[in-house]
Amino acid sequence: MDRKEKIIITQRVNSNIDYNEQIHIPNFIQDHGVLLVLQEPDLDIIQVSSNTEEWLNIPPENLLEQNIECLLYSHQIDNIRQNLAGDFEYINPLQLSIKCGNEVRLFNSIIHRNDGVVILELEACEDESGLDFSQFYQLTFPIINKIQKSGNLHELCEIVVKEIRKITEFDRVMIYKFHPDDSGEVIAEDKREDQEAYLGLHYPAYDVPQVARAVFSVKFIRTIPNINSSIVELVPKFNPLTNQLLDLTFSVLRGVSPCHIEYLDNMGVMGSMSISLVKEEKLWGLIACHHQSVKYIPYDKQVICEFLGKIMSIHIPMREQNDNLDYKVSLKSVQSEVIKIISESDDLLNVITNIGSKLLTIVGATGSVISLEGEYHKIGITPSDAEITELINWLKNQMNTDIYSTDSLPIIYPSAKKFKESVGGLLVLEIAKLQEVYVLWFRPEVSQTVNWAGNPEYPIEIESDGKMKLCPRKSFEQWQEIVKFHSLPWQSYEIQGAQEFKSAIVGIVMRRISELAKINLELEKSNNELDSFTYIASHDLKEPLRGIHNYSTFLIEDYGEILNEDGRAKLDTLVRLTQRMEDLINALLFFSRLGRQELHKSSIDLNKLIENVAEVVRMSKPGSSIEIRKMENLPGIYGDKILMEEVFSNLINNAVKYNKKEDKIVKIGYEETEESASIIYVKDNGIGIREKHLETIFKIFKRLHGKDKFGGGTGVGLTIVKKIIERHGGQIWLESKYGEGTTFYVKLWNQ
Ligand code: ADP
């Protein structure tokens, strides 16, 4: 095999090409045996393979509708009948002497039930003796002993490939392990010295299509002695009981898909055998055996191989646990330390400070973020706050269980490619969705080199009728692929560490949440009280105020002439003061409601919003020279439209109001930020604000001028603006030069 190198940057090949071929109902068998379909309970022959004459000296038509008595002796039939109640697991494999016309021939046979019928398969028996129990025991016992002594997965696989090769004498025996993405890797190999090594090669997922995997997970052994076997059809074509093609899932002679034959041929393989390796009821891998020439494996040896496959399957979980033992032990010890720290504290913030970088060690991460009460507590290397916010928003729709992990975040979440820190893998715990309590762990991207057996691109051909056909790969030359955007995978014991962490902190978090709920309840109560207070203020106080105002007005109207000028001036002041008091009460009312009212957020076109506000400002000051210059294409923002109008109306009004220039110029523009937020500014050429007042102007009722100067005012406008911005998660600040002008900056999130 020439070594070819190609560096491609790609994501791993996806698995699920649907193999249209129904490999379990090929309707033909391989030619090294005979298949008989029997109907229970009498065991009448209802369907046979078309090669019966060759093997049994009887043509198919003479067998159909006959009873099995025509082939077997009564003690053999009795033996089969006794097992009809079960699944024949106690009698396979059988050695049967069969009446073949004038002679009796010896066959190895396997019997099973499927598709509502009994299927009897016969293969010529070369050796009359077969394996008895003591031979079986002698052969398997030392192997099982070795398997039991194996320390880890690597040792286990090495033993199995060597022993299976010794028993079967295949040219090559490999252990082929499936990865989570369904691609496979050769993790152990024993082979003829002159053959090239496949050890370490990866095979794309479609090399073992889903349908084949389904069959492998129920039928544990598969032999193909000769890929050049002729096709032996069944007679009649359909199973007479179901009128469907006979289901050959469990048949040992099942015909081989032409595509698979081509695949083996391209690999230089003529005979093969595969044994399924199953872990926790899922297909974990295969023991794959290849031979360059025709290779028959007698049933008794097949049984031994299948048996060893099962023994190996039982040992896989334990041996996997022993892999990376040192790392696992150190991980466990840090995990216990962390659990101890958690059990000794009752405040999550304390926990975070006390465990420090151990939070990273428990799952083998390089960065972690705990999102708690709107704040991100970061340890190690993490993305920025804005990136985390976006990521959490994405995760909310992504997570349907309380734990989520990926070793290829940038592929499923492309924004991660732009993170300022490299992130390949993410592990997330959702502690409380509603309260947005999450723990995130990050792992950096690690470029991995994968050696593929051949080019791992899809071998799909589009046929002339438009149908997609999967074609076997022709080339098995080594291809190197550099896989980007991946981290090292999260191991099950690391994920388990995360889960244990969750169980330990969940109590503390829940306690905190219920405390917060209590505080919220109290807050709501006092808000309600404040609400009634503001209602009283607005309603009850306004009533006598209205009275004072009305009576003062009546006094001016009815007795104005009797009073002297000083008296009339005092009454005018009284009217003005009542008006001002009403304005203050109204402003207070608006402000108190603002803190509690629900925000109705939507995408807002700032261009339109500012144009509308500017129009109103211009119209309210008809005689003045006002120029409001808006930058084109202001960004879209996300917020409550009515409240945003309030913000910009206040800022633009102030820019015009606190301005003594003949030509009042207001400029509105924006600056992009690194996060998905924009900074909008409102700049005027007005009177400016002294440095010492820059903070205080946001305080309620704070005015920098006499109450009637610059057209009067309540001193509540900027307080309201700040409150609205903060409720939108934004910020407001200003720069000013006394006598020259002021610029207000507002940072708001884009849609
Ligand atoms: P009001 O305008 O009702 O007084 P605001 O809360 O809007 O209340 O503003 C508070 C104070 O801040 C104003 O009284 C004014 O002294 C000062 N101020 C606000 N905007 C500007 C501005 N653009 N230029 C100069 N001073 C300003």
Side-chain angles (χ1 to χ4, degrees), residues 534 537-538 576-595 609-610 613-614 616-621 624-631 642-671 679-728 730-748:
T534 44
S538 66
R576 259 201 338 273
L577 284 175
T578 53
Q579 184 59 53
R580 177 162 170 74
M581 190 158 175
E582 190 171 358
D583 288 349
L584 287 173
I585 289 172
N586 286 340
L588 184 67
L589 187 67
F590 183 76
F591 179 72
S592 85
R593 287 233 167 103
L594 191 62
L609 186 139
I610 303 263
V613 170
V616 175
V617 174
R618 276 191 215 101
M619 276 170 20
S620 65
K621 308 238 173 351
S624 330
S625 156
I626 298 171
E627 196 184 325
I628 301 175
R629 294 184 202 157
K630 182 186 77 63
M631 203 187 251
I642 295 178
L643 295 182
M644 282 301 150
E645 264 171 9
E646 183 70 29
V647 166
F648 289 102
S649 168
N650 259 298
L651 294 179
I652 298 172
N653 258 313
N654 280 351
V656 173
K657 187 168 148 191
Y658 300 104
N659 197 325
K660 290 187 196 156
K661 299 261 163 55
E662 197 56 36
D663 298 318
K664 302 176 202 319
I665 301 170
V666 187
K667 292 179 188 165
I668 297 143
Y670 77 101
E671 291 159 15
I679 296 170
I680 326 286
Y681 62 81
V682 178
K683 183 181 171 73
D684 63 49
N685 61 342
I687 57 169
I689 300 168
R690 283 196 171 91
E691 173 107 34
K692 61 177 179 182
H693 296 307
L694 291 185
E695 281 297 314
T696 49
I697 55 163
F698 291 107
K699 290 202 170 135
I700 195 158
F701 300 135
K702 179 74 187 175
R703 296 203 80 225
L704 303 180
H705 314 96
K707 60 183 184 312
D708 296 327
K709 282 208 167 160
F710 294 100
T714 54
V716 178
L718 286 179
T719 321
I720 286 173
V721 167
K722 188 162 191 258
K723 183 93 182 173
I724 295 175
I725 300 296
E726 282 171 353
R727 284 217 57 201
H728 280 76
Q731 282 164 282
I732 181 164
W733 67 98
L734 69 149
E735 284 167 5
S736 189
K737 251 200 174 148
Y738 191 61
E740 285 183 27
T742 306
T743 310
F744 279 89
Y745 296 92
V746 174
K747 181 177 159 194
L748 286 167

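Note that ligands are numbered from 1 as they come in the structure, with each ligand's atoms numbered from 1 the same way.
Closest heavy-atom approach to atom 23 (N) of ligand 1 within the set Asp583, Thr742, Asp684: this belongs to Asp684. Of all the listed residues (Lys702, Arg690, Lys683, His705), His705 holds the heavy atom that lies closest to atom 16 (O) of ligand 1.
The ligand atoms of ligand 1 that sit less than 4.0 angstrom from a heavy atom of Gly713 are 3 (O).
Using 4.0 Å as the threshold, Lys657 has a heavy atom nearer than that to some atom of ligand 1. Residue Gly715 places a heavy atom less than 4.0 Å from ligand 1.
Leu718 N, 2.8 Å is the protein heavy atom nearest to atom 6 (O) of ligand 1. In terms of protein heavy atoms, atom 12 (O) of ligand 1 is closest to Ile697 CG2, 3.6 Å. From the protein, the heavy atom lying nearest to atom 13 (C) of ligand 1 is Tyr658 OH, 3.3 Å. In terms of protein heavy-atom proximity, atom 4 (O) of ligand 1 is nearest to Arg703 NE, 2.6 Å. Summary of contacts: the protein heavy atom closest to atom 19 (C) of ligand 1 is Asn654 ND2, 3.5 Å. The protein atom (non-hydrogen) at minimum distance from atom 17 (C) of ligand 1 is Leu704 CD1, 4.0 Å.
Remark: Lys683 NZ is loosely packed, at most 12 non-hydrogen atoms of other residues, nucleotides or ligands lying under 6.0 Å away.
Taken from CD1 in Ile689 to CG in Leu694, the straight-line distance is 6.5 Å, to the nearest 0.5 Å. For the atom pair Thr742 OG1 and Tyr658 OH, the distance stands at 11.0 Å (nearest 0.5 Å).
Residue Val746 is tested with Val682, Ile679, Val721, Ile725 for a side-chain contact (heavy atoms from CB on, under 4.5 Å); the sole match is Ile725.
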Kindly determine whether Arg727 and Leu643 satisfy side chain to side chain contact (heavy atoms under 4.5 Å, CB included), including the steps that lead there. CA-CA 10 Å; Arg727 284 217 57 201; Leu643 295 182; 6.0 Å; no
Are Phe710 and Ile687 close enough, and set up right, to give a side chain to side chain contact (heavy atoms under 4.5 Å, CB included), and what steps lead you there? CA-CA 11 Å; Phe710 294 100; Ile687 57 169; 3.7 Å; yes
Does the side chain to side chain contact (heavy atoms under 4.5 Å, CB included) test come out yes or no for Val647 and His728, once each step is laid out? CA-CA 12 Å; Val647 166; His728 280 76; over 6 Å; no
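A donor atom on one side chain and an acceptor atom on the other are found under 3.5 Å apart for Tyr745 and Glu735.
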